[in-house]
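Notes follow once the structure below has been shown.
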Amino acid sequence: MNILKKIVTLLAVVVLISLLAACSDSASTTADQDDSKDKQSEDKDGNQKDSKKDSDSKDDQDKEKEKDQPEKRPQPYKALQPSEDAKPLKETMAEEDLKKMPKVEAHGGDRTRSIPVGQTLMKGKTDKTNGPLKDHRLVAYYGNPHSTQMGILGEMEPDALMKKLKKQTQAYSDADPSHPAIPTIELISTIAQRNPGPEGKYYHMTSKDDLDEYAALAKKNDALLMLDVQLGTDSVLHQVKLLEKWLKLPYVHVAIDTEFHVAEGETPGINLGSVDGAEVQKAVNYVSKLVKENNLPDKIVLVHQFTDKALVNKKAIKPADNVEVALNFDGYGPDSTKMSLYRKFVKNDPVQYGAFKIFYKKDQPVMTPEDVLKLDPNPAIINYQ
């Protein structure tokens, strides 16, 4: 009996030891699993933290890029809004005018329009700027305040000039409500002359006081100022650089009068001048750099031409991401001749936008805004001399 008790007791001890060992193994396995989970959790948390750090770093980099490329300033002008009763071109033009360019512009050739009426950006061209010409039209008065022979700007006192200019500008806003027009002063800032002058370059510069006065006039009237250079024997780039002080103003742009650029030994006004498109491009690049470095609103370079010789190598002229380029037909005479030459110099050899000059005293007849807007393509700039 004692032996039986000892055996039972021994078996109980063995079972107890087995149970304790099993519990110990189970606890160890659970602990290992928990440790493994904790490690996995730590790795996961660590990866999440690293991922967050990467995201934060990317955000910081994006912010730095934004600092390096500040948002461009808004354009400083107020276009004249169309009158309440103004109608779109498609309602005021004859069906034939909507589909075809004027007969005199076609000059016996194909009359099919290159782009729809109302569009100013020329066929196949792009505009990556936020410049005035994307959605608006410029109407400019050309000349110099000290000459009645150079254009209407010299025939009127500043306030009277602005009153007449705004009336002419309003006529274009009403004729094409899709492109509200902006009043613009085109001031000749360097004037070609027949004697060498102090610089020996056959030009003299409009006084700084005059430039400041008309800059203030434009600003006061929410208008634009276009500074025109006549070159003489000077380079395009140097003449544009002379205007840097004013080009740093947000509402000032530049125009190049190609016919007054003559070679050494020639005289402006006697010899017909010429500019190479590569020289124009140097000015475009300079203005583009000026815009970027000074965080200015995008600008316009306007180029005048009225003969084949006056502007050569046009293919070298490339608009920049912040500079719009317009080519201006600059001749006077019968409207049929002017429209035909607009086709030759502007439409058939496009740069980006077209422009068209009207002479109040020399044109036969003086074309109305409705006549001008029949041209293919529609001019983005109309300047009056």
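Side chains included, hydrogens not; waters and symmetry mates left out as well; all remaining heavy atoms used.
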Parallel, tilted or perpendicular: ring planes of Phe345 versus Phe329, cut at 30 and 60 degrees: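 Because their plane-to-plane angle is under 30°, the rings of Phe345 and Phe329 count as parallel.
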Would you check if [X] and [Y] make a side-chain contact, meaning some heavy-atom pair closer than 4.5 Å?
X	Y	value
Val275	Val280	yes
Lys87	Pro177	no
Val372	Pro379	yes

Worked verdict on Lys208 versus Trp246 for side-chain contact (heavy atoms from CB on, under 4.5 Å): CA-CA 10 Å; Lys208 293 180 180 179; Trp246 295 277; 3.8 Å; yes
Any carboxylate oxygen within less than 4.0 angstrom of a Lys/Arg side-chain nitrogen, looking at [X] and [Y]?
X	Y	value
Lys361	Glu155	yes
Arg111	Glu96	yes
Lys374	Glu370	no
Asp222	Lys166	no
Glu279	Lys282	yes
Asp308	Lys344	yes

Report yes or no: do [X] and [Y] form a side-chain donor-acceptor pair below 3.5 Å?
X	Y	value
Tyr77	His136	yes
His304	Glu186	yes
Asp376	Tyr342	no
Asp209	Ser207	no
Gln305	Thr258	no
Gln75	Tyr251	no
Thr190	Gln230	no

Side-chain donor/acceptor of [X] to backbone N/O of [Y], under 3.5 Å:
X	Y	answer
His179	Gly118	yes
Asn195	Gly197	yes
His261	Thr233	no
Asn144	Ile188	yes
Asn328	Phe356	yes
Lys299	Val254	no
Asn313	Asp276	no
Lys245	Leu242	no
Asn378	Leu375	yes
Arg343	Lys338	no

Same cluster for [X] and [Y] if Ile/Leu/Val/Met/Phe/Trp/Tyr side chains link at under 4.5 Å?
X	Y	value
Val104	Met101	no
Met150	Tyr360	no
Val139	Ile300	yes

Test side-chain contact (heavy atoms from CB on, under 4.5 Å) applied to Asn322 and Ser288, step by step: CA-CA 6 Å; Asn322 47 25; Ser288 177; 2.7 Å; yes
Tyr384 and Tyr142: CA distance, side-chain angles, deciding distance, ring-ring contact (aromatic ring centres under 6.0 Å, His included) verdict: CA-CA 6 Å; Tyr384 286 80; Tyr142 174 98; over 10 Å; no
Residue pair Lys292, Asp321: steps toward the side-chain contact (heavy atoms from CB on, under 4.5 Å) verdict: CA-CA 10 Å; Lys292 291 177 182 177; Asp321 286 354; 5.8 Å; no
Closest heavy-atom pair and its distance - Ala175, Leu89: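 The answer is O-CD2, 3.2 Å.
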Candidate pair Gln352 and Leu121, rule side-chain contact (heavy atoms from CB on, under 4.5 Å), full reasoning: CA-CA 6 Å; Gln352 188 182 32; Leu121 185 64; 3.8 Å; yes
Cation-aromatic face contact Lys357/Tyr332, 6.0 Å, 45 degrees: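 No, Lys357 does not lie over the aromatic ring of Tyr332.
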Met226 side, atom CE; Ile185 side, atom CD1 - distance, nearest 0.5 Å: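 Reported to 0.5 Å precision, the distance equals 11.5 Å.
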Lys128/Asp298 under salt bridge (Lys or Arg N to Asp or Glu O under 4.0 Å): CA gap, chis, key distance, verdict: CA-CA 10 Å; Lys128 297 179 181 180; Asp298 294 334; over 6 Å; no
